[in-house]
Amino acid sequence: MKQLINLVAILITTSVAIAQNNPVPSKGLAAIDKTGKFEVREFNRHPVGDNDILIETMYASICHSDIHHVHSDWRSDEPYPYVPGHEIAGKVIQVGKNVTKFKVGDYAGVGCFVNSCGKCDYCKADMEQYCTGGRVLTYASKDIYHNDEITQGGYSNNIVVIDRFAIKIPKNAPMEKVAPLLCAGITSYSPLKFSKVKAGDNVAIAGFGGLGHMGVKYAKSFGANVTVFDITEDKRADALRMGATKYVNVNNPEELKGMDDSFDFILSTIPAKYDMTMYMRMTKFGGDFAIVGMPALINQPTVTAGNFVFTPNRNVYGSQVGGIKETQEMLDYSVKKNIYPDVEIINATPEAVEDAYQKVLDGKVKFRYVIDMKTLK
Ligand code: NDP
Ligand code: ZN
């Protein structure tokens with residue numbers, strides 16, 4: 001009986017496997033234009049190459065970067081229509097002949113980029129996110145390694161990716177909560193590690209959303225004292241529940257008094273216009289202020305040379321996600337320590353995604369929307 005079941009399983013796998021040189025039929029939720037309208041579209045992905053894996057998407061989550069992209073906040077030449085999504089968790093359903101990292105049935109994740117040159121100093125140092133020789137982002141990016149095709153992201157039923165750009169996910173991990181780790185998780189984890197945040201440090205997280213709430217959880221797990229800054233009263237209890245020692249509502253000037261020179265490390269995840277110099281002043285002499293939030297071009301904060309000169313000797317730097325090696329480290333750490341995002345699951349319909357985008361902009365998500373890709377029709 002067992003043999004018969006195995007035979008049937010092999011036959012099913014063989015029949016769904018896509019021939020090595022054939023394009024992979026795919027379906028996803030495509031952004032049509034900058035108004036934020038979505039439609040279900042069918043398209044082809046490039047064939048599964050010798051070093052590629054084909055992942056059946058289980059969950060894809062909504063990052064504020066998707067919203068910036070779709071609304072043309074950062075560039076005027078977004079290649080509509082395209083499928084966003086760079087927080088992807090799913091099951092491996094096919095592997096190329098050279099692949100040893102994954103086998104069919106394993107779980108895998110994909111984050112913000114899917115290829116890089118492999119030769120530049122950044123790639124050699126496991127920081128492919130800063131590749132200077134040809135980095136390919138997961139969506140809306142020209143794939144120079146595949147005839148300049150425009151990449152299509154994770155709000156879709158599948159994705160083809162080179163094995164070394166996929167992250168291994170243990171079978172016992174809650175997949176719907178793993179998806180946001182692939183961007184929100186690593187983007188908050190990486191600067192905390194870069195700045196060597198340690199037990200007893202005073203850490204501030206500015207912007208308590210998808211990235212920010214992960215920043216709170218990681219900083220707390222490193223033993224830091226965490227203060228959260230946001231613009232609403234609605235999230236005060238959540239911050240304290242997640243282990244923050246203090247919550248500051250930036251719209252309440254009384255709460256901001258006496259905070260200059262307070263923090264060893266500040267992480268700003270703010271996606272809107274804000275007073276960046278306030279956080280520079282709150283960073284201690286010699287402390288670090290890391291910026292990951294990227295407001296729209298029309299909402300950029302203003303910092304003058306004088307602001308730097310008169311808040312001297314603070315290290316102000318920006319950071320982008322993390323390399324593949326560090327992303328794997330973050331994922332393994334999160335699973336081991338049981339650190340996951342707070343998520344709300346939605347269906348894979350244009351209406352649900354449009355509604356979710358609006359709610360993120362209105363500050364109504366706690367804390368990450370995750371699309372259940374099995375519900376895509
Ligand atoms: P969210 O919308 O989930 O979270 C942003 C949070 O910032 C919300 O809680 C929001 O408030 C809060 N906020 C808005 N204005 C202020 C303000 N003036 N002061 C304090 N808090 C404020 O977004 P994400 O966490 O998904 O993304 C955040 C930013 O990070 C985006 O710009 C995104 O593009 C960027 N990003 C950058 C990456 C990188 O590699 N550098 C990677 C991923 C994202 P509320 O909702 O309560 O109104
Ligand atoms: Zn993101």
Side-chain angles (χ1 to χ4, degrees), residues 60-71 73-75 84-88 109-113 127-130 135 137-140 153-155 179-191 194 204-216 227-236 238-239 242 247-252 255-256 266-279 282 290-297 299-301 317-323 326-327 330 341-344 356-370:
S61 36
I62 297 177
C63 176
H64 204 123
S65 294
D66 299 343
I67 302 175
H68 287 309
H69 265 292
V70 167
H71 289 171
D73 281 354
W74 294 331
R75 52 188 270 206
H86 59 214
E87 296 185 336
I88 306 163
V110 180
C112 288
F113 50 94
M127 290 188 282
E128 303 89 349
Q129 75 273 34
Y130 302 130
R135 174 185 78 164
L137 300 178
T138 305
Y139 64 82
Y155 302 179
L181 297 178
L182 276 304
C183 172
I186 183 61
T187 307
S188 49
Y189 179 91
S190 183
F194 185 80
I205 305 288
F208 185 50
L211 270 56
H213 90 298
M214 292 310 298
V216 172
T227 300
V228 170
F229 292 79
D230 204 289
I231 49 175
T232 171
E233 271 312 299
D234 291 351
K235 295 179 181 173
R236 190 180 287 274
D238 298 295
M242 289 179 208
Y247 181 90
V248 177
N249 182 343
V250 180
N251 288 331
N252 183 0
E255 292 188 54
L256 290 167
I266 299 183
L267 178 70
S268 171
T269 76
I270 300 173
K273 198 170 182 70
Y274 69 105
D275 181 4
M276 198 176 265
T277 63
M278 178 178 92
Y279 295 105
M282 288 183 185
I291 297 157
V292 293
M294 287 204 296
L297 294 180
N299 282 330
Q300 289 296 307
Y317 71 91
S319 180
Q320 289 172 42
V321 286
E326 193 177 39
T327 305
M330 171 279 312
D342 290 25
V343 300
E344 294 183 41
Y357 272 37
Q358 193 53 51
K359 286 190 173 135
V360 173
L361 291 171
D362 294 342
K364 287 188 180 140
V365 55
K366 286 189 176 179
F367 278 78
R368 204 51 144 191
Y369 283 119
V370 178

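Whatever order the structure lists ligands and atoms in, that order sets their numbers, starting from 1. The first residue of the sequence shown is numbered 1, and numbering continues consecutively from there.
The protein heavy-atom contact nearest to atom 4 (O) of ligand 1 is Gly209 CA, 3.2 Å. In terms of protein heavy-atom proximity, atom 25 (O) of ligand 1 is closest to Leu211 N, 2.8 Å. When only non-hydrogen protein atoms are considered, atom 43 (C) of ligand 1 lies nearest to Cys183 SG, 3.3 Å. In this structure, the protein non-hydrogen atom closest to atom 36 (N) of ligand 1 is Ser65 OG, 3.4 Å. Atom 35 (C) of ligand 1 has its closest protein heavy atom at Val292 O, 3.6 Å. Among protein heavy atoms, the minimum distance from atom 23 (O) of ligand 1 is reached at His64 CB, 3.1 Å. For atom 30 (O) of ligand 1, the nearest protein heavy atom (residue, atom name, distance) is Gly293 CA, 3.4 Å. For atom 39 (C) of ligand 1, the nearest protein heavy atom (residue, atom name, distance) is Thr187 CG2, 3.5 Å.
Our summary of the site lists the angle at the Zn ion (ligand 2) between SG of Cys63 and NE2 of His86 as 110°, to the nearest 10 degrees.
In terms of modelled atom types and a separation under 3.5 Å, the side chain of Asn251 and the main chain of Ile231 share a donor-acceptor contact. A donor-acceptor distance shorter than 3.5 angstrom exists from the side chain of Thr138 to the backbone of Cys112, with no hydrogens or angles considered.
Summarising the geometry, atom NE2 belonging to His213 is positioned 11.0 Å from atom OG1 belonging to Thr269; distances are rounded to the nearest 0.5 Å. Atom CG of Asp230 sits about 8.0 Å away from atom CG of Asn249, to the nearest 0.5 Å. Going from atom CZ of Arg368 over to atom CG of Leu211 covers 6.0 Å, rounded to the nearest 0.5 Å. The CG atom of Asp66 sits 7.0 Å away from the CD atom of Glu87 when rounded to the nearest 0.5 Å. In this structure, the separation between OH on Tyr274 and CD on Gln300 is 9.0 Å, given to the nearest 0.5 Å.
On a distance-only criterion, Asp362 and ligand 1 share no N/O pair closer than 3.5 Å. Considering backbone and side-chain N/O atoms, Pro271 never comes within less than 3.5 Å of an N/O atom of ligand 1. Below 3.5 Å of separation, one finds no N or O of Gln320 facing any N or O of ligand 1. Between Phe208 and ligand 1, an N or O atom pair is found at a separation short of 3.5 Å. For ligand 1, one of its N or O atoms has an N or O atom of Val321 under 3.5 Å away.
Ring centroid separation for the pair Tyr369 and Tyr357 does not come in under the 6.0 Å cut-off. A distance below 6.0 Å separates the ring centres of Phe229 and Tyr279.
For ligand 1, the atoms closer than 4.0 angstrom to any heavy atom of Tyr274 are 18 (N). Against a heavy-atom cut-off of under 4.0 Å, Trp74 is close to the following atoms of ligand 1: 34 (O). The Gly210 neighbourhood of ligand 1 comprises atoms 1 (P), 3 (O), 4 (O), 25 (O), with distances under 4.0 Å to a heavy atom of that residue. For ligand 1, the atoms closer than 4.0 angstrom to any heavy atom of Arg368 are 24 (P), 26 (O). Every atom of ligand 1 is numbered from 1 in the order shown, and the set under 4.0 Å from a heavy atom of Cys63 is 43 (C), 44 (C). If you number the atoms of ligand 1 from 1 as listed, the ones under 4.0 Å from a heavy atom of Val360 come out as 2 (O).
At least one N, O or S atom of Cys183, from either the backbone or the side chain, sits less than 2.8 Å from the Zn ion (ligand 2).
In this structure, Ala206 does not count as a contact residue of ligand 1, since none of its heavy atoms falls inside 4.0 Å of the ligand.
Only the side chain of Thr232 comes within 4.0 Å of ligand 1, judged by heavy-atom distances. Residue contacts with ligand 1, taken as heavy atom pairs separated by less than 4.0 Å, involve His68 solely via side-chain atoms from C-beta onward. Of the heavy atoms in Asp230, both backbone and side-chain atoms come closer than 4.0 Å to ligand 1. Using a 4.0 Å cut-off between heavy atoms, Tyr369 makes no contact with ligand 1 at all. Residue Cys112 does not touch ligand 1, judged by heavy-atom distances below 4.0 Å.
Between His86 and Val321, the closest side-chain pair of non-hydrogen atoms is not below 4.5 Å. You'll find the side chain of Phe113 reaches within 4.5 Å of the side chain of Gln129, heavy atoms only. Between Ile62 and Val365 the shortest side-chain heavy-atom distance does not fall below 4.5 Å. Using a 4.5 Å heavy-atom threshold, the side chains of Leu181 and Pro341 count as touching. With a 4.5 Å cut-off on side-chain heavy atoms, Arg135 and Glu128 do not count as touching.
The option with the heavy atom closest to atom 17 (C) of ligand 1, from among Asp275, Ile231, Val365, is Ile231. For atom 28 (C) of ligand 1, the nearest non-hydrogen atom from the set Thr269, Val228, Val250, Ile270 belongs to Thr269.
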- Task: List the steps and the verdict of side chain to side chain contact (heavy atoms under 4.5 Å, CB included) for His64 and Leu361.
- Result: CA-CA 8 Å; His64 204 123; Leu361 291 171; 3.8 Å; yes
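Applying the side chain to side chain contact (heavy atoms under 4.5 Å, CB included) test between Asp73 and each of Arg75, His71, His69 identifies His71 as the sole match.
Annotation for Lys273: atom NZ counts as buried by contact number, over 12 foreign heavy atoms lying within 6.0 Å.
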